[in-house]
Amino acid sequence: MALMKAVRGTRDLLPPETELWNRVERTACDVFARYGFGEIRTPIFEDTQLFARGVGEETDIVSKEMYTWEDRARAQSEKSQSLTLRPENTAGVVRAYIEHKLAETGLLQKLYYIGPQFRRERPQKGRYRQFFQIGAEVIGPPSAGSESPLRDAEVLEMLATLLDALGIAGWTLELNSVGSATDRPRYVQALREALIPVAASLCDDCQRRAVTNPLRVLDCKVPEDQPVIETLPKIADFLDDASRAHFAAVRSALDACGVPYHVNPRLVRGLDYYTRTTFEFTHGGLGAQNALLGGGRYDGLSEMLGGPRAPGIGFAIGADRLVLTLQAMDSAARGDEALLDVYVAPIGEAQQNAALQLARELRRQGLRVELGDGSFRIKKAFEMADKRARSIILLGEDELQSGQLTVKTFASGEQTKIARDEIGDYLCRAMRVGEQN
RNA sequence: GCGGCUAUAGUUCAGCGGCAGAACGCCGGUCUGUGGCACCGGAUGUCGUGGGUUCGAACCCCACUAGCCGCCCCA
């Protein structure tokens with residue numbers, strides 16, 4: 001049988017990389033908790049219709065990037081059902097909001113999630129077929145303040161706080177408003193018309209986009225095209241009064257709390273449900289996948305899914321990209337953290353049980369302990385210990401008889417004998433001092 | 001889904017038609033209760049997979065698979 005491998009676009013995450021993942025997730029949970037968010041866990045697959053209606057039938061995600069299968073009927077009374085691995089989590093959260101009648105609480109719901117999502121795209125760096133998102137949604141009845149621009153600003157401020165807490169330096173917040181559900185189609189139509197007379201002067205890609213997806217012309221990076229693009233209609237001119245006021249209020253709130261942002265009139269998100277505020281936090285060094293996270297407001301999504309009016313705003317962080325960015329920045333910084341506190345080395349198999357017992361006591365004191373093997377020769381025990389831990393306890397025949405254990409700290413090379421009963425306290429102290437250096 | 005580049009030891013890579021290599025890592029020894037440093041020795045492997053050309057293929061050709069870069073799209 002051929003060697004089994006993780007399927008295309010999926011991968012294993014192993015130590016020590018998983019340590020970084022844990023740090024990212026822990027930091028996110030801590031920050032979210034300070035803003036009153038609670039965790040939600042929705043199923044990894046849903047009825048296909050949820051995504052078709054929520055994300056948009058015509059989007060690339062739904063039309064060609066979903067893992068969809070027919071879950072066949074197993075009994076006469078059962079109907080087969082089209083199921084899909086979730087390509088994003090907002091639709092699932094809103095479905096749960098409706099299903100559990102959370103609107104009836106009258107409260108603003110602040111929910112965050114962490115988990116895998118699935119899209120059948122061509123894999124690249126920072127783009128996988130199973131990828132991980134950390135996201136959050138603020139959603140509720142208008143009477144709870146869910147429509148307020150203050151919610152938008154608070155979410156953006158929280159994200160700035162999170163990226164800073166993780167030590168991501170040099171992020172940029174790109175901000176725009178795509179207007180109401182009726183503003184955007186009007187704009188797309190105007191854009192399409194404005195492109196007709198000028199398309200011929202644009203690059204090949206843009207000539208194609210002008211027809212298939214005029215909004216993407218705005219993303220064009222070809223320098224020669226920029227003067228023409230500048231002359232195209234701006235979405236800002238198509239916002240109704242309410243959307244215009246909302247956007248102004250978001251900006252003013254961000255100004256007031258000192259979160260820097262860049263208004264990018266070309267930032268137009270691809271999912272159908274977005275209204276008004278849209279945003280993206282970007283970072284260089286990710287190549288073509290420069291977006292660390294993206295999100296926006298979705299005032300009509302609940303109703304699109306058959307629920308009550310429940311405006312909301314949310315975001316999804318590409319955890320894979322966040323980790324890549326941290327790895328690129330951190331590469332030299334880590335190393336010692338992976339080391340355990342102490343390696344307990346029984347010398348001779350007769351000492352093994354005593355060693356396990358000692359390791360158990362030390363671990364109960366909170367020390368990180370690796371246990372050797374009595375069959376190892378002394379030299380080998382030291383070599384193993386030096387690779388895995390910051391110190392070694394030698395547990396040989398002499399030590400067992402005298403009750404005085406040999407302890408050596410690698411960083412200093414210092415070696416002493418310590419009474420067995422005091423060894424835990426001694427190590428706790430020694431490791432704390434070591435950490436400060 | 002489309003285009004380009006790539007695939008050789010555990011890892012990073014050299015070799016580009018004539019014996020499968022280096023560095024690091026790994027194992028052993030110098031050193032029988034002492035790691036790191038040094039020195040000595042050892043094992044690495046379907047050269048991504050399958051086919052073709054050739055006296056002879058890691059090397060040239062084709063297909064497939066996977067990774068990377070870009071397009072589409074998106075976190």
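Proteins come first, then strands; the chains are lettered A, B, ... in the order of their sequence lines, and each starts at number 1.
When heavy atoms are screened at a 4.0 angstrom cut-off, A:Q117 is found touching no nucleic acid atom at all. Nucleic acid contact class of A:G348 (heavy atoms, under 4.0 Å, all strands): none. Residue contacts for A:D60: at a heavy-atom cut-off of 4.0 Å it reaches the sugar-phosphate backbone alone, with no base atom in range. Within 4.0 Å (heavy atoms only), A:K387 reaches sugar-phosphate atoms of the nucleic acid but no base atom. Here A:I347 lies out of heavy-atom contact (under 4.0 Å) with every strand. Note on A:E121: a base of the nucleic acid sits closer than 4.0 angstrom, heavy atoms only. Residue contacts for A:G413: at a heavy-atom cut-off of 4.0 Å it reaches a base atom on one of the strands shown.
Within the structure, ring-ring contact (aromatic ring centres under 6.0 Å, His included) contacts touching residues 177-199 of chain A (residues at least two apart or in different chains) are A:Y187-A:F238.
Checking the phosphate oxygens (OP1, OP2) of B:C73, no side-chain nitrogen or oxygen of A:R127 falls inside 4.0 Å. Residue A:Q124 places at least one side-chain N or O closer than 4.0 Å to OP1 or OP2 of B:G70. Between A:R11 and B:C68, a side-chain N or O to OP1/OP2 separation shorter than 4.0 Å is absent. For the OP1/OP2 pair of B:G67 and a distance below 4.0 Å, the side-chain nitrogens and oxygens of A:R122 include no atom meeting the criterion.
Nucleotide B:A38 has B:U30 as its partner under the Watson-Crick or G-U criteria, with both atom distances under 3.5 Å. Searching all strands for a Watson-Crick or G-U wobble partner of B:C24 with both distances below 3.5 Å returns B:G10. B:C64 and B:G48 make up a base pair, with Watson-Crick or G-U wobble contacts both under 3.5 Å. For B:C59, there is no paired base (Watson-Crick or G-U wobble, both distances below 3.5 Å). The partner of B:U54 cannot be assigned: no Watson-Crick or G-U wobble pair with both contacts below 3.5 Å exists in any strand.
Residues meeting the salt bridge (charged side-chain N to carboxylate O under 4.0 Å, His left out) test with A:E57, sequence neighbours left out: none.
Evaluation of A:F410 against the base of B:G36 yields no stacking contact (centre distance < 5.5 Å, interplanar angle < 30° required).
Taking the ring centroids of A:F32 and A:Y112, they lie under the 6.0 Å cut-off.
Spacing between atom CZ of A:R266 and atom P of B:C74 amounts to 17 Å, rounded to whole angstrom units.
Taking the six-membered ring where tryptophan is involved, the planes of A:W69 and A:F45 are perpendicular, since the angle between them exceeds 60° and thus also 30°.
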Worksheet item: Step by step, would you call A:V344 with A:V369 a side-chain contact (heavy atoms from CB on, under 4.5 Å)?
Response: CA-CA 7 Å; A:V344 174; A:V369 181; 3.8 Å; yes

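B:A20 and B:G28 have their P atoms separated by 29 Å, with the value rounded to a whole Å. Taking atom P in both B:A14 and B:G50, the straight-line distance is 24 Å, to the nearest Å. A gap of 12 Å separates the C1' atoms of B:C16 and B:C47, to the nearest Å.
Each of A:A316 and A:M384 was assigned the nucleotide of RNA chain B with the nearest heavy atom; the assignment lying further toward the 5' end belongs to A:M384.
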